[in-house]
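To start, I am sharing the structure in question, which I have written as structure tokens.
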Number of protein chains: 2
Amino acid sequence: MATASRKQREIRQRELLILDTARRMLLEKGYIGLSMDRIAAEIEYSKGTIYQHFTCKEDLVAALAVQTMTVRRGMFEAAASISGRTRERMTAVGVADQLFAEIEPDHARVEQLLKEVSIWDKASAERRNAALSYETSCMSVVAGVVRDGVAAGDLAMSDGEIEQLVFGLWSLAWGARSIMAASLAIEKFGISEPEAALTANYQVLLDGYQWRPLSTEWDYVATAERIRDELIRQRST
Amino acid sequence: MATASRKQREIRQRELLILDTARRMLLEKGYIGLSMDRIAAEIEYSKGTIYQHFTCKEDLVAALAVQTMTVRRGMFEAAASISGRTRERMTAVGVADQLFAEIEPDHARVEQLLKEVSIWDKASAERRNAALSYETSCMSVVAGVVRDGVAAGDLAMSDGEIEQLVFGLWSLAWGARSIMAASLAIEKFGISEPEAALTANYQVLLDGYQWRPLSTEWDYVATAERIRDELIRQRST
DNA sequence: GTCAAATATTGACAACTCGTCAATTTCGGC
DNA sequence: GCCGAAATTGACGAGTTGTCAATATTTGAC
């Protein structure tokens, strides 16, 4: 009994070891360069043992994606529950997104790498459900802040538009990061600070939706800095 | 001489045959399911011959991406040169983007599939340069319309902001399509018409940038329809 | 029309990949 | 110390990409 749980602990530990090794390899060599044989060699277990944890290569990397999603969700929730006006809280989620990319670069890059390859078809249903749940809960956090904005009278919006706005912010963030990672032309084209451009566009979109106070009436750069410090402080405790 | 060019024509023809076959296979079976052996069998040439056209599998799919980019660029240019107010022309590019996804679904899907896998590292330098050039010229088309907007006094903007706006539109479009293709949660979350949401967000962003006439002062839905018809008409001639 | 040299084409091959499963080792309870 | 259950292994089958000696074709000179 005590031994059984010790064994289970060992297995959990090993699973983490596999994931860590896989993540490192994925970042170094890309999805195609990620080899089950090499992982096995590195962790000094046989390949068969790895396949006791994961049904296939896709399932393994899907597990990586799920790990990453939990980290992101945690940061989003912390950001959304910060104090201030509703648009400040929306800004906070943007800051969290940026912080996530900055503080957890491995996680952020894995997330991108994996959106690319179609993993979910072959991954186990269990894993897929986990991912689905984390993704929807990330979106719900954002949608919650938007609803608070409407409730507070800072934002006028029908129900369908709320999802539209969330989709817009999400597209903007995801697209920008995806372009930063993959595009050949971005530097040549003269976007030297894409991260700053992203946050600026973020605010422009919120202005377009007339989320009050508008950026002409409020210093959201200061807000972003305040929140950034606060989120970092929270993390370190 | 005449014979040399005949031979060259044959080679060109075969290259197109390889690309067509590869595209079909890529769409059917995904990047991993795309096999050089199977392509060779299907076109009834040996694998060695394929490797005379392309340095490696990545180079082949990079060539597919380049083909796709030329189609996209063509549509962008046609859209940008349409008549009307500057913001209408900007809207036209958005319509072209949508039309591209609609009329050339194979090209559009290939474009997405390939952003995912990191192809460019291994592709030949020649191919990479071609891609870079097409991508920058797509962006230049958009930037040109923005500059025209500034010149016409419809839009107030510093130089750096122009690139920022282009980056914003591009992020929005790219991110939305990427999410549509890959996301598990999108339907569950209640975004039933993502394409419509994208075009709406498009206009919201332009409103945020105060590109006149604002969407409150002008019917851009009508504009989009007019341009859509016109672009389709142009294509069919 | 003939023939040698240049060019194009081939497919067996080496070296790798994923996922399986019979055989082996390790472990837990008695 | 011993036995049955559970975990671990790595050789293996079937697949992949990319290479290259051997073969087939085309070319240009005579």
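Heavy-atom basis, side chains included; hydrogens, waters and symmetry copies ignored. The sequence lines fix the lettering, A, B, ..., with proteins before strands; numbering per chain opens at 1.
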### Summary
Separation of D:dG10 atom P from A:E44 atom CD, nearest Å, is 11 Å
### Task
Please check if atom CD in B:E126 has more than 12 non-hydrogen atoms from other residues, nucleotides or ligands closer than 6.0 Å.
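It does not: B:E126 CD has 12 such atoms or fewer within range.
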### Axial cation check for B:Y134 ring with B:R72, 6.0 Å and 45° limits
no
### Nucleotide C:dT25, atom C1' - distance to CD of A:Q52 in whole Å
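After rounding, the reported distance stands at 14 Å.
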All N/O pairs under 3.5 Å across the protein-nucleotides 15-17 of chain C interface:
| from | atom 1 | to | atom 2 | distance (Å) |
| --- | --- | --- | --- | --- |
| C:dT17 | OP1 | A:S35 | OG | 3.3 |
| C:dT17 | OP1 | A:R38 | NH1 | 3.3 |

Find every protein N or O atom lying less than 3.5 Å from an N or O atom of nucleotides 20-22 of chain C, and list the pairs.
none

### Task
Take the protein atom CD1 of A:I39 and the nucleotide atom C1' of C:dC18, then report the distance between them rounded to whole Å.
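After rounding, the gap between these two atoms is 12 Å.
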### Message
Within residues 13-22 of chain A, which residues have any heavy atom lying less than 4.0 Å from an atom of DNA chain C?
### Response
none
## Note on the structure
Taking D:dG18, C:dG19, C:dT10 as options, the one with an atom nearest any side-chain atom of A:C56 is C:dG19
### Message
Measure NZ/A:K122 against P/D:dG15 and give the value in whole Å, please.
### Response
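Rounded to the whole Å, the gap is 13 Å.
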### Query
In whole Å, what is the span from the CE atom of B:M25 to the P atom of D:dG15?
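About 15 Å, once rounded to whole Å.
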### Query
Can you find a heavy atom in the side chain of A:L60 that is under 4.5 Å from one in the side chain of A:T55?
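Counting from C-beta outward, A:L60 and A:T55 never come under 4.5 Å.
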Check: residues 34-44 of chain A side-chain donor-acceptor pairs under 3.5 Å, at least two apart:
| from | atom 1 | to | atom 2 | distance (Å) |
| --- | --- | --- | --- | --- |
| A:S35 | OG | A:D37 | N | 3.2 |
| A:S35 | OG | A:R38 | N | 3.1 |
| A:D37 | OD1 | A:K47 | NZ | 3.3 |
| A:R38 | NH2 | A:G33 | O | 2.5 |
| A:E42 | OE2 | A:R24 | NH1 | 2.9 |

### Query
Would A:D121 and A:R128 satisfy salt bridge (charged side-chain N to carboxylate O under 4.0 Å, His left out), going step by step from the backbone distance to the final call?
CA-CA 9 Å; A:D121 296 337; A:R128 227 181 11 248; over 6 Å; no
## Note on the structure
In whole angstroms, the gap separating C1' of C:dT26 from OH of A:Y45 amounts to 12 Å
Atom pairs and distances, donor-acceptor, side-chain atoms in residues 162-174 of chain B, under 3.5 Å, two or more places apart:
| from | atom 1 | to | atom 2 | distance (Å) |
| --- | --- | --- | --- | --- |
| B:Q164 | OE1 | B:Y209 | OH | 2.9 |
| B:S171 | OG | B:F167 | O | 2.7 |
| B:W174 | NE1 | A:S178 | OG | 3.1 |

### Query
Between A:N201 and A:A197, is there a donor-acceptor pair closer than 3.5 Å when you use the side chain of the first and the backbone of the second?
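Yes.
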### Task
Using a strict cut-off of less than 4.0 Å between a Lys/Arg side-chain nitrogen and an Asp/Glu carboxylate oxygen, indicate whether A:R228 and A:E102 qualify as a salt bridge.
yes
### Task
Please determine if a side-chain N or O atom of A:T49 lies less than 4.0 Å away from the OP1 or OP2 oxygen of D:dA7.
no
### Task
Would you sort out whether B:R235 and B:E104 count as a salt bridge (charged side-chain N to carboxylate O under 4.0 Å, His left out), showing the intermediate values?
CA-CA 12 Å; B:R235 263 183 80 76; B:E104 305 276 6; 3.1 Å; yes
### Task
Select one nucleotide: of C:dG19, C:dT10, D:dG18, the one nearest the side-chain heavy atoms of B:E58.
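Side chain of B:E58 sits closest to D:dG18.
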#### Entry: Nearest-angstrom distance from the residue atom CZ of A:R9 to C1' of D:dA7
18 Å
### By side chain to side chain donor-acceptor pair (under 3.5 Å) - contacts of B:S124 (at least two apart)
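In terms of side chain to side chain donor-acceptor pair (under 3.5 Å), with neighbours along the sequence ignored, B:S124 is linked to B:D59.
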### Task
Specify the separation, in whole Å, of atom CD1 of A:I43 and atom P of D:dG10.
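About 12 Å, once rounded to whole Å.
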### Task
Assess whether atom CD of A:E193 is packed by more than 12 heavy atoms of other residues, nucleotides or ligands within 6.0 Å.
no
